[in-house]
There are 2 protein chains.
Amino acid sequence: MDERKKQVLRAVINDYVATAEPVGSRTIANKYNLGVSPATIRNEMSDLEELGYIKQPHTSAGRIPSDKGYRYYVDNLIETETVSKAEDDLISQLFIHSGSQMDAFFQYACRVLSKLTNHAAIMVKPHITTAPLKKISLMPLEPKRYLLIMITEDDAVYHRPLELDEPLQKKDLQYMEAILQSTLAGQNMEHFNFTALKEIANNMLFYKGLFLEAMELIGSVKGKQDDSQVLVNGTLNILNQPEFKDLEKVRYVLEVLETDNFLRQLLLPKASPGTMVYIGEELTNESMNCCSIISASYSINGQTVGSIGVLGPTRMDYPRIIGLVERISKEMSGLLSHY
Amino acid sequence: MDERKKQVLRAVINDYVATAEPVGSRTIANKYNLGVSPATIRNEMSDLEELGYIKQPHTSAGRIPSDKGYRYYVDNLIETETVSKAEDDLISQLFIHSGSQMDAFFQYACRVLSKLTNHAAIMVKPHITTAPLKKISLMPLEPKRYLLIMITEDDAVYHRPLELDEPLQKKDLQYMEAILQSTLAGQNMEHFNFTALKEIANNMLFYKGLFLEAMELIGSVKGKQDDSQVLVNGTLNILNQPEFKDLEKVRYVLEVLETDNFLRQLLLPKASPGTMVYIGEELTNESMNCCSIISASYSINGQTVGSIGVLGPTRMDYPRIIGLVERISKEMSGLLSHY
DNA sequence: TGTTAGCACTCTCTTTTAATGAGTGCTAAC
DNA sequence: GTTAGCACTCATTAAAAGAGAGTGCTAACA
């Protein structure tokens, strides 16, 4: 790969990204003045094709980049674009706009990214926090009805109403609270060991249901951990891409987006720390091999907790989008850590 | 409209719904033995066209139903189909499957409807309950930090952490709780009058912040009322419909589905009590005039709170889908009222 | 008077054929 | 090593021809 080959490859990709049309030697000679004639460029392109970086849709068409070509381009030929002032401001503003609502925050981030890139944006939200339990309380609602409240160290509140067979005496209430508090406080709901609680429940004559409810509540929190935590925004941008004028392709890609397992697997922060670029076949999903995904993880106080990304056709403006994704992930990390 | 005209109209619609192809006189004569020749049917069809119930895409094509035709069909020619045993079981089972999680419940209902109809399903969720406040409590977390908890008559729990300048004495805590309880209990958060609370806050020397936080919490609940509460499921089914082989149409419809204002307006239970069928232009949205929406409202203890519906092409299996939508809305009403 | 067979006519859809043109690969000259 | 020239390939577009489905109308029939 001498310097001129690199220039030609870069030219092919730039032009193809902009036009979505196979790029011919004449076009390159005209637009990107490399100081050589089309014929020379033809020779270089022939070499590049032999190397697998570009390919022809058919004889007598221009060249388009292969996945391998994009990969080389991303790894060696580009520099991440810095986000423009205007866009940078927009990002900051919109984050402010989401207020202190957590849910809204993630949705805004996703929406902003999708708007700025004109592609589908994907957000893998952090798992529910699993800080250890701090406080357990029983709040009387009506004679036989109580609200069981559990609060973790980081002030997340979980609650569940429960119904007893007979009312708790005031001192019984305090006693129960004390038992629950001593059994549960300091424990982590994610890795909760039910045996101790089960044992206590079995030794109880009355109020056994109370402990069972507590277990239910913990169980439901545990269950939520595995819940889908993927947001997708701007799916419709896919329809704007010329590579998706074929309805079948659209259907496949939208199907993958709707059943978010694939995305979650791929973008789980463990699988994709930092900035990742998946190009075409690297997504190892047949129906997605005309797509690329660019993602960046974000963190809370240095700990990676989720990631945000962009899904578009392999023919993507990589320098720009990598810049945007990284910028937004940084902004998110900053705000989340502060909050 | 004599009996035979009705039969012909029914035949045209049945066949068109099944095949998505314009229906010719010969087809009807063969498939639906009305005991007359194609020529006679041609005459009837000519009349039906004059009446505006069917139309020709072009000369020398068969007929397709017009919106007016579908309307007549729905109003006069069909009986709602009763849901088959298997499907009925499925509906009950899947509702059980959603457990006691409210959110999951609505999502399941939506998913089931979409799966059974092979169309997009729409759910307008109930507004957040606005039952009057029953219980207000302050729970100590750390010396200066407290959790403000408000519970309504129907056991919805709202909470907010708050930080005070100095710790509350135990009797102060009880005193505060008592004030809050007496000021707020019985009131409705939706129509909350802030003046009383404001006055108390102003008269306080310490702990003023506490009341301000309480107002914040009520305000945020109030704010949530207006939030989008529309679920959509099975959007992709639209791509299966032959009328949407045109990408432009797909884009328009998906756009409407993504910006759910239109749907919310239309399906707000006030606008659409009971079962509603909107056909084509009745949707009064140009990009939707090839679509129909069938919806049914559901209720809690007799009070209509939301609705669920199906969006598909005007060429829809009305008897079946009306049956399914009504069945599911009834199931929802039953379960919600029970719960 | 209502029904039906027959037939010419219309219009879409498909296939065929031809024309266009962008782009390559190769050869030979510089 | 670079470049001009040229024959060749192949997708795309346009035009033309053919097939087929379905109608509307007319005239005959019960």
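Below, all heavy atoms of this structure are taken into account, side chains as well, without hydrogens, waters or symmetry copies. Chain identifiers are assigned alphabetically (A, B, ...) following the order of the sequence lines, protein sequences preceding nucleic acid strands; residue numbering begins at 1 within each chain. What you see is a predicted model; the values in this text were computed from it and never measured.
Side-chain atoms of R26(B) stay outside donor-acceptor range of the base of dG22(D), with no qualifying N/O pair under 3.5 Å. Side-chain to base pairing of R42(B) with dG6(C): one donor and one acceptor N or O lie within less than 3.5 Å of each other.
Pairing of dA28(C), defined by two Watson-Crick or G-U wobble distances under 3.5 Å, is identified with dT3(D). Of all nucleotides present, only dT10(C) satisfies the Watson-Crick or G-U wobble test against dA21(D), with each distance under 3.5 Å.
Residue order along DNA chain C, read from the 5' end via each residue's closest nucleotide, puts T40(B) first among T40(B) and T59(B).
Inter-residue side-chain proximity for M1(B) and L9(B) is flagged as met; some heavy-atom pair is nearer than 4.5 Å.
Looking at the side chain of S25(A), the nearest of the listed nucleotides dT2(D), dT24(C), dG24(D) is dT24(C).
The nearest whole Å value for the distance from the NE2 atom in H58(B) to the P atom in dC11(C) is 9 Å. The distance between atom CE of M45(A) and atom P of dA22(C), rounded to the nearest whole Å, is 16 Å. Between R63(B) atom CZ and dG24(D) atom C1' there is a gap of 9 Å when expressed in whole angstrom units. The nearest whole Å value for the distance from the NZ atom in K245(A) to the P atom in dT12(D) is 8 Å. Counting to the nearest Å, the C1' atom of dG2(C) and the CG atom of L34(B) are 16 Å from each other. Nucleotide dT24(C) holds its P atom 8 Å from the CD1 atom of I28(A), rounded to whole Å. Atom CD of Q56(A) is separated from atom P of dT24(C) by 7 Å (rounded to the nearest Å). The CD1 atom of I41(A) sits 14 Å away from the C1' atom of dT24(C) (whole-angstrom rounding).
When the side-chain nitrogen and oxygen atoms of S60(B) are compared with OP1 and OP2 of dG24(D), none of them lie within a distance under 4.0 Å.
Under 3.5 Å, the side chains of Y53(A) and D47(A) contain no donor-acceptor pair of N or O atoms.
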Subject >> Chi angles and distances behind the side chain to side chain contact (heavy atoms under 4.5 Å, CB included) call for I293(A), M276(A) >> reply: CA-CA 8 Å; I293(A) 289 181; M276(A) 297 291 293; over 6 Å; no
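Here the options are L311(A), L266(A), N289(A), the test is side-chain contact (heavy atoms from CB on, under 4.5 Å), and the partner is L283(A); only L266(A) passes.
A salt bridge does not link K85(B) to D88(B): none of the charged side-chain nitrogens sits closer than 4.0 Å to a carboxylate oxygen.
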